[in-house]
Every structure is written in C-alpha cells, then in structure tokens.
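Count residues from 1 along the sequence. Quick caveat, the model's predicted, so the values are computed rather than measured.
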Amino acid sequence: MGFSQTTDDMELTRVYVPGPLIVGAGPSGLAIAACLRKRGVPFVILEKENCLASLWRLKSYDSLKLHLPKNFCQLPHFPFPNNFPKYPSKEQFIAYLDSYAKHFSIRPMFGYEVKSAEYKTTSDGFGLWRVVANRTEFVSRWVVVATGDNAAPVVPEFDGLEVFGGKVMHSSEYKNGGEFRGRNVLVVGCGNSGMEISLNLCHNGARVSLVVRDKLHILPRDILGRSCFAIAVGLLKLFPLRFVDWFLIVYSRMTLGDTSRVGIVRPKDGPLKLKGKTGKTPVLDVGSLSKIKSGQIKVVGEIQRFTSRHVEFIDGKVEEFDSVILATGYTSNVASWLKGESFSGQEQGNKTKNSWISNMKGRNGIYSIGFTGQGLFGASNDAERVAEDIGRQLSSYRKHLSSKINPYM
C-alpha cells in the first residue's frame, strides 16, 4: 500500500514493505531473495537497470567465463544444469540466473535507482529504514545491500590522458577485439580481466601491450585436471595456509615457469595470504601467459604520462598507441546513498575490514551480501545466513503480535 506525502520539495509515494528491502538484482540479490522465499519471508527487490545481473549482461566482455568451477558458483537451492561445462560461459551464466529468478518467482522492480537510505527513529524509539528511489519512499524494517563491489567503474587519473587522441575505454565497455584488429592497444591493469582481454585482443589480431605495475601471482586454472581453487580448498582442510601457499607457488613454477623473466614478479606473500590481507585475487591463467612468453602480448611498466598519440613510461620508453583499455576494476557506490552508516570501514584494495559490511550484519537491521571478497561462493553463504537471521526475527515478531491479539497464546 502507499500514499503521497511531501518530503522537501519533492512529492513521494510511500510504500510499506512487510519484509526486507533488497537493493540490487545481481547474483547476490537473487541469492538472498531465493533464500527468503524458501523461508516464506516477503521481500521487495530494487534494481536500477532494466534487467537482471546487469554487470554480467551489459558490462562484461563476450569471452568471459566463470573463473571457478560451476559447483563453487551456483546459487542456493538451484544447481547448474548437468550439461553445462565445468566453467560456464557468460551467456550460460546469464541463462542460469534467468532460470533461477523464474524458479523462485523473483520479480525485481526494474529501473529503481536508490538515491538515499536512512534509518529513522520515532519519538517512542521505534525505527524503520526509509529508502528513496524514483519518487518512491520504501519503508522497511530491514535493508539488504546486494549491489556488490562492482557497481561503478574505477577510472584512474593519468597525466595527459585528456589530450590522448586515440580511443579510451573502460573494460566495462569492451565486448570483443574485432574492432581493434591491426591496431596498437595498451591494456592498463593486469588482473584476470586485463589478462583475458589482452588474450582476446591477441586472438583478434591486435598488437597488445599490457601494463604490469605491481607484483602479482599467476596460477594455473587447473592442477592435474582439477580446479586450482578446489585443490586449495581441499588442502586448507588438512594443512596450514603457509604450506598450501608454498605448494601453489611451487606447482606454478613447475608448470608456468619463472614469470619474473617476462616482467611479472611474484609478491613476497603467498597467493592465499595476500588474498586474506588485501583482497587481491591471483590471476588464473587461461592462455595469456603463453602469449606473453611468445611476445604476442608485450609487458610494459608504469605509465608516466600520455601525449596526443604516445604513452611515456616510467622507465623512459615511449610508444605509440591507437587505443587504451582500462581494466582497472570497479568499486562500490553504496557510500553515496547510504546515510548514517559507515560503509567503507578500513579498506585495503577491494577488501573491507573491521566494519559491518565484512560481517554481513550491521546496526538497525541492515545487511550486506557479496562483500566478503569470496565471490559467488561467499555470496551464497552470506545469503543463507542473512535469510535465516531475518526469518528468525520475523517469526519472533509475528509470535509477539499473535500473543497480543489472542490472550490464550
């Protein structure tokens, strides 16, 4: 139900939500919605775009595949089809999410971009969340933030970039390398996206240079036919983290060689320790390293500045480029609309520590899904626990109301 009221100089329609309000209809939002549905908890889910999983559908490259095996990426209570490969493609994953939403009757309110969310308490001490989106004020006891770390592209500032005459795009705009055939392309960023976009450009006949500024770990995607991730998870159940890190590095050296010879130096900390400390994910190699070794992908150092057609590097080298692709990642935009809660905490890279966001539950009935740095696997676990907690509160509240209405209860 709803009614109109005037707030500031804008007329809002107020809508009361009998359960939690979910912000975001990507995998995290769908996961929590399904877990709530299984528990009979009503909800409303808002999505600023006009489709499910907009990051996957609208802002990812065509050749993208899941980096982990499908059994680590499936959402709660709904496995991938048996005929899907070990590493489903972008199109297959989107089809899976569409089927997931249909199976659990999840119908987001599309085109609703949240402008503000604030917890307000009345004079009698009773508080509710008030979330404003599209001239509507949604009022709810609980808010679940499911927008993830990848809501807004990160575009670094470079000296002279504004005068560069070539094409500049963020990786969120890149689809495939067809338009770059025969061109000199500089890829800035050497995470999984940067590596895979570089490989795709190679396959499409571009001349690729890859900026490698920091130390990083490159691991084989599979070890003896099994996922590197699955092997690591299994070993961690038996051995300390430092041993598992040692094993991963030794095996990587045996199979991939010494990456420092091609300009990629490994950090002092092992891949798992580094992930825990900073949130920085190791690169899972799907063929990029062999192109680097063969010279088809050229590793270059840190950028000094851009000119109209050239890029000057810190080491003094100058090269001409036709296009620049910024594979520089994403960040959360929640701090821009969430009022009265410290969302950023103590950030290190994409990892957030010592804040409610890394623990899923904050004050006054606010929750987060998909911010623990553990990918789809972590988001699914988050969703189960958050749904259980909200369901328990709602059940207790209903029993309380029933006892007030029926004196014999």
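- Ring centroid separation for the pair F72 and F229 comes in under the 6.0 Å cut-off.
- Listed here is the closest heavy atom pair of S332 and F371: OG-CE2, 4.1 Å.
- With no hydrogens or angles considered, no side-chain donor-acceptor pair links Q296 and H203 at under 3.5 Å.
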(request) List the steps, then state whether side-chain hydrogen bond (donor to acceptor under 3.5 Å, both in side chains) holds for Y174 with D62. (result) CA-CA 8 Å; Y174 180 88; D62 296 341; over 6 Å; no

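- No more than 12 heavy atoms of other residues, nucleotides or ligands lie within 6.0 Å of CZ in R242, so this atom counts as exposed by the packing criterion.
- Closest approach of A379 to I369, counting heavy atoms only: O-CG2, 3.7 Å.
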(message) Let's go through D98 and R57 carefully: what are the C-alpha distance in whole Å and the side-chain angles of both, what is the deciding distance for salt bridge (charged side-chain N to carboxylate O under 4.0 Å, His left out) to 0.1 Å, and is it a yes or a no?
(response) CA-CA 11 Å; D98 287 340; R57 202 180 297 266; 2.7 Å; yes

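- Between the side chain of W142 and the main chain of L128, no donor-acceptor pair closer than 3.5 Å is present.
- S209 approaches E319 most closely through the heavy-atom pair OG-OE1, 4.0 Å.
- For the 3.5 Å distance criterion, the side chains of E47 and Y112 fail to qualify, holding no donor opposite an acceptor.
- Of all heavy-atom pairs between I197 and S171, the closest is CD1-CB, 3.6 Å.
- In this structure, a donor-acceptor pair under 3.5 Å is absent between the side chains of S198 and K291.
- Taking the centre and axis of the six-membered ring of Y87, the NZ or CZ atom of R221 falls inside the cone set by 45° and 6.0 Å.
- In this structure, F377 places its CZ atom where only 12 or fewer heavy-atom neighbours from other residues, nucleotides or ligands lie under 6.0 Å away.
- Surrounding NZ of K86 are more than 12 heavy atoms belonging to other residues, nucleotides or ligands, all under 6.0 Å away.
- Ring-centre distance between Y330 and H170: below the 6.0 Å cut-off.
- Under a 4.0 Å N-O distance rule, the pair R130/E118 does not qualify as a salt bridge.
- Looking only at atom types and distance, the side chain of E113 has no donor-acceptor partner in the side chain of W337 under 3.5 Å away.
- Across all their heavy atoms, Y100 and P76 have their closest contact at OH-O, 2.8 Å.
- Residues E173 and K167 are not paired through a salt bridge, judged by the lack of any N-O separation under 4.0 Å between the basic side chain and the carboxylate.
- Within 6.0 Å of CZ on R107 lie no more than 12 heavy atoms contributed by other residues, nucleotides or ligands.
- Under the 3.5 Å distance criterion, the side-chain polar atoms of N200 are left unmatched by any main-chain donor or acceptor of E196.
- Checked against the 6.0 Å centroid criterion, the rings of F306 and F321 do not qualify as a close aromatic pair.
- Counting only N and O atoms by type, the side chains of D389 and Y367 include a donor and acceptor under 3.5 Å apart.
- When atom types are taken as modelled, the side chain of D322 and the backbone of N184 share a donor-acceptor pair closer than 3.5 angstrom.
- When all heavy atoms of D315 and K317 are compared, the pair lying nearest together is OD1-N, 3.0 Å.
- Judged purely by distance below 3.5 Å, without hydrogens or angles, the side chains of N134 and T136 never pair a donor atom with an acceptor atom.
- Side-chain N or O atoms of D285 include one that pairs as donor or acceptor with a backbone N or O of S288 at under 3.5 Å.
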